[in-house]
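Read through the structure below, which is laid out as C-alpha cells, and then see the notes.
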Amino acid sequence: MARGDSGRMERLSSIMRRRGIVAPAFETYGGVAGLVDYGPLGASIRRRVIDTWIDYWSSSGDILEIESPTITPEEVLVASGHVGEFNDLMTTCKSCESVFRADHLLEGFVEDIDGLSPDEISSSLAKEGIVCPGCGKTDWSESVPMNLMFKTSVGAMSRGRTAYLRPETAQGMFMQYPMLYRHFRQKLPFGGIQTGKGYRNEISPRQGMIRLREFTMAELEYFFDPEEPPVGKDGDWSTAVQMVPSSTGQIATMSVSEALDKGLILHPTVAWFIARTLELVVSLGVDSSRLRFRQHGQDEMAHYASDCWDCELHGEHGWIECVGIANRTCHDLEQHAMHTGKSDFRAWRSFKESKTVKIDKWFPVQSSIGPSFKGLASAVSKAIGDLDEIPESLPFTVTLDDGTEISIDEGMAERRTEDRIVTGEWYTPHVVEPAFGIDRIIWHILDHAYEEGVKEGEHYAVLRLPQKTAPFDAVVLPLFDKDGMDDMAETIAATLSKVRGLKIQYDNSKSIGRRYARADEAGIPWAITVDHQSLEDSSVTLRRRDDGRQVRCSVADLQSMLSSYGLDMLF
RNA sequence: GCGAGCGUAGUGUAGUGGUUAUCACCCCACGUUGCCAACGUGGGAACCCGGGUUCAAAUCCCGGCGCUCGCACCA
C-alpha cells in the first residue's frame, strides 16, 4: 500500500481545513486526538452522505430507520459481549516494553482463562514461565484491564447505574427487535437502520479521520429466517470489482454474482448486501477501481460469524476498512434472550403444511403428587413428564435426576392421548449486518474526488463530487456585481435556496474566473452565471464543473433541473 | 503507552537570543476590468499551552497538549 505522492495528502488536508470541510476539534485548547470538527462544507457533505444512505435502504420497503440512545446500560453490553471483550487485560514486558493481551499469552497454558481474576492472570504469567514473544524474557508487569469504552454513570452519586457510550449502534436495533417485529406484522425478513455516533476510547488514534474516538456509524441489521435466506435483485451484481477471498488471499476481479456462483461468498444474503453496498458507495462518489471486498479469514472472524466481508477503500492511507458486512447469525438476539430470560427475541415460522403430532404421555396429578412427596413433588412431576418410554399402566417407577427411584401409584398420574396440530415453530432470526464507517467513507470520497491539475501554469484543484454528496448543488454568480446583474443573481439564489433539498451558494467577490475556481475546489458541480443577456431574456449560463463547459439555460428551468439532477441533459 | 522528529496569520512558509515577526496565497473595502485563480490602493490576520534560564525567548531548557513516523494496540 505504498503511499503515492505524499505531498498530495498534505495539499488535500490543507484544502479541507482551508475550505472548512474537516479540522481537528477543540484546536484552540490544544486539540484532542481522535476528535474532529466538520465545518460548513464538511457538515453539508456529511449530511448528504447520511441522507443518501438512509434513502437508499429506506427505499427498499422492508427497512426502516430507528433511533436509540448513545448511553447504554452495562447489562446490554455484557450480553452483547462488549464488556467482556473490552476489559482485556494488558501486560507489558518490562524488558522490551512491548504490550500484549495477557489472556492471549496464556492461551494453551491455562484452562478457563476467562474465569481468572486479574491477579490470578498476573501470577499465572510468572508461574507458567510465559516468555515475551518480542525479546524472549519473562518479566511481566501487573496486568491492567484496558477498557476501550467510555464509561459513565446514569443517575447521581454512588447509586448511579453503570453505563457506557455505545461502541456500535447495532445494539439499538437488537433492543428494538421486538418493536420492529410487531411493526412488520411479524413477517420476516425486515431490517432496522440507524445512523449516529459511536465511541471507542482508542489507545492512540492516528491517521486523521480514519481512527476516531467519536465517529459516525451507519448500521443495518437485516433479520431473516435462516432456512430461507433472502436474496433480492437490487444492488450491483454485475460490475467487476476486486475481491479478496480468504481461501486464496489473492486479489481476483469479478462481479458479486460470479463470486457467489463460485462459492467464494458463502452466504447468499451476504452476497446481496455486498451488491447493494457496492451500488451505494459508488453512488456516493467512491471510485470502484479503488474499492475491494476482502473476506475475513477463519481466525479473524468473530466466533459467531459464518461469513464476513469488508469493503475496503484505497486512498492516501492505503486500504482501509470502510464497511463491514457480517453474518452475525442469531448470536445477539440469542444473547439478549438468554440474559433477559424473555421470549421477545424470536420469530414464528409457519410450516407449509401443519403437522399432526401424537401426544401420548403420563401427566402428574398435582393434587396427589404434592401431598405425597412434598419437597420432591416438582422433581417427581418433571420425571413423569419426561418419561421416554410410556408405561402401559400404573403403578410404575420413575428415576429422578439424582438417581432416586420413586414408585408412582394409582391416582398419582393419568395418561392422555391426543392428536395435536402444530402449525409452526419459534426460532431465533439470523442477522446480516452491513456496518458503515461514515467518516472513513467521507474521507475516501473526498480523496477519490480530489484531482490536481495545472491550468494556465497554475496549480488547480477540483473536487469531483457527485451532486448528491456535494456541499452545494450550485453557486450563483453575477458576472459583474452591478447593472442589475447583482439583484437578479440574488433573486435567483434566494428562490433556489428555498427549494427543499437544494443548497445554493452565492458569490459576488472577485473575478468570475476566481469564483469558478473557488467553486471547483469546493466541489460545487454547477455554476449559474447572470450576465448582460440574462437581464434581457431571463436566461443564464450554466457551467459544468467537471469540464468547464457552458450552456445557456432558462431561469425557469433551473429549479426542476437541479432537483432532478437533470442538468447534464443540456450538455 | 514507548522512541524519534515537528508545532509561526485561514493555508503554505521565512526567521539559531534583541526584527515594527518575512513572503505568497487568502479575506475585506474602494477603484478598475467585463466569462475561467487579471490589476491598483488601502486594510485584516500568527509565534500551541504552562513554567524556567536571561537585561532580553518564536529562538535555549523542563513539563503538558497536538501532529507525523516507527514499535505496540485497534471487539
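Please read all numbers here as calculations on a predicted model, not as lab measurements. All chains are named by letter (A, B, ...) in the order of the sequence lines, taking the proteins before the strands, and each is independently numbered beginning at 1.
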Atom pairs under 3.5 Å, N or O on each side, protein against nucleotides 40-44 of chain B: can you list them with distances?
none

Consider the side chain of [X], meaning its heavy atoms from C-beta on, and name the nucleotide among [options] that approaches it most closely.
X: I512(A); options: C74(B), C27(B), C35(B); answer: C35(B)
X: Y516(A); options: A75(B), C35(B), C74(B); answer: C35(B)
X: R211(A); options: A75(B), C35(B), C74(B); answer: C74(B)
X: R200(A); options: C35(B), A75(B), C36(B); answer: A75(B)
X: Q550(A); options: C36(B), A75(B), C28(B); answer: C36(B)
X: T529(A); options: C35(B), A38(B), A37(B); answer: C35(B)

If you take atom types as modelled and just measure distance, does the side chain of R543(A) reach the base of C36(B) with a donor-acceptor pair under 3.5 Å?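 Yes, a donor-acceptor pair under 3.5 Å.
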
Side-chain donor or acceptor of E202(A) under 3.5 Å from a matching atom on the base of C73(B)? no

Round to a whole Å and report the spacing from [atom1] of [X] to [atom2] of [N].
X: H532(A); N: U33(B); atom1: NE2; atom2: P; value: 12 Å
X: L212(A); N: C74(B); atom1: CG; atom2: C1'; value: 13 Å
X: H317(A); N: U68(B); atom1: NE2; atom2: C1'; value: 11 Å
X: D332(A); N: A75(B); atom1: CG; atom2: P; value: 16 Å
X: M209(A); N: C67(B); atom1: CE; atom2: P; value: 14 Å
X: L479(A); N: C35(B); atom1: CG; atom2: P; value: 6 Å
X: F26(A); N: C49(B); atom1: CZ; atom2: C1'; value: 17 Å
X: R552(A); N: C35(B); atom1: CZ; atom2: C1'; value: 11 Å

How would you label the contact of [X] with the nucleic acid (heavy atoms, under 4.0 Å): base, sugar-phosphate, or nothing?
X: E168(A); value: nothing
X: D531(A); value: base
X: T541(A); value: base

Counting only Watson-Crick pairs (N1-N3 plus N6-O4 or O6-N4) and G-U wobbles (N1-O2, O6-N3), all under 3.5 Å, who is the partner of [N]?
N: A46(B); answer: none
N: A57(B); answer: none
N: A75(B); answer: none
N: U22(B); answer: none
N: U33(B); answer: none
N: C6(B); answer: G66(B)
N: A38(B); answer: none

Could you tell me which residues satisfy salt bridge (charged side-chain N to carboxylate O under 4.0 Å, His left out) with R440(A), sequence neighbours excluded, listed by chain and number? none

Applying salt bridge (charged side-chain N to carboxylate O under 4.0 Å, His left out), can you list everything that pairs with R19(A), at least two apart in sequence or on another chain?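 Expected list: E521(A).
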
Under-3.5 Å N/O pairs linking protein and nucleotides 11-14 of chain B:
unit_1	atom_1	unit_2	atom_2	d
U11(B)	OP1	R17(A)	NH1	3.2
U11(B)	O3'	S14(A)	OG	3.3
U11(B)	O2'	S14(A)	OG	2.6

Quote, to the nearest angstrom, the [atom1] distance that separates [N] from [M].
N: C25(B); M: A4(B); atom1: P; answer: 40 Å
N: C65(B); M: G17(B); atom1: C1'; answer: 26 Å
N: C71(B); M: A58(B); atom1: P; answer: 37 Å
N: C67(B); M: A75(B); atom1: C1'; answer: 28 Å
N: G18(B); M: A56(B); atom1: C1'; answer: 6 Å
N: A57(B); M: U20(B); atom1: P; answer: 15 Å
N: G70(B); M: U53(B); atom1: C1'; answer: 34 Å
N: G10(B); M: C6(B); atom1: P; answer: 23 Å

Y222(A)-H267(A) aromatic ring centre distance below 6.0 Å: no

Answer with yes or no after comparing the ring centroid distance for H82(A) and Y164(A) against a 6.0 Å cut-off, counting only values under it.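 Ring centres of Y164(A) and H82(A) not closer than 6.0 Å.
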
Using a cut-off of strictly less than 4.0 Å, decide whether S509(A) has a side-chain nitrogen or oxygen near OP1 or OP2 of C28(B). yes

Just N and O in the side chain of R518(A): are any of them under 4.0 Å from OP1 or OP2 of C27(B)? yes

Run the salt-bridge test on R552(A) and D531(A) with the 4.0 Å N-O cut-off and return the result as yes or no. yes

Under 4.0 Å between a Lys/Arg side-chain N and an Asp/Glu carboxylate O for R161(A) and E74(A)? no

Between [X] and [Y], what is the shortest heavy-atom contact and its length?
X: D486(A); Y: Y506(A); answer: O-OH, 3.4 Å
X: L502(A); Y: L496(A); answer: CB-O, 3.8 Å
X: G172(A); Y: S68(A); answer: CA-OG, 3.2 Å

Listed once per pair and sorted, the ring-ring contact (aromatic ring centres under 6.0 Å, His included) pairs that draw on residues 7-48 of chain A, sequence neighbours left out: none

Given side chains that start at C-beta, do those of W53(A) and T195(A) come closer than 4.5 Å, heavy atoms only?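 Side chain of W53(A) against side chain of T195(A), heavy atoms only: contact under 4.5 Å found.
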
Interface polar pairs with nucleotides 62-66 of chain B, N/O, under 3.5 angstrom:
unit_1	atom_1	unit_2	atom_2	d
C65(B)	O2'	G30(A)	O	3.1
C65(B)	O2'	G31(A)	O	3.4
G66(B)	O4'	G30(A)	O	3.0

May I ask you to establish whether R544(A) and F571(A) are in a cation-pi arrangement, using a distance under 6.0 Å from NZ or CZ to the six-membered ring centre and at most 45° from the ring axis?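 Yes, cation above the ring, under 6.0 Å and within 45°.
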
In terms of side-chain heavy atoms, does R166(A) have a donor or acceptor partner in T72(A) at a distance below 3.5 Å? no

Is it true that atom CD1 of I71(A) has more than 12 heavy atoms of other residues, nucleotides or ligands lying nearer than 6.0 Å?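 Atom CD1 in I71(A) is not crowded, with 12 or fewer foreign heavy atoms closer than 6.0 Å.
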
Is there a side-chain hydrogen bond (donor to acceptor under 3.5 Å, both in side chains) between H296(A) and D310(A)? Walk through the geometry before answering. CA-CA 7 Å; H296(A) 281 210; D310(A) 284 344; 2.9 Å; yes

First encountered from the 5' end of RNA chain B, between D483(A) and H459(A): D483(A)

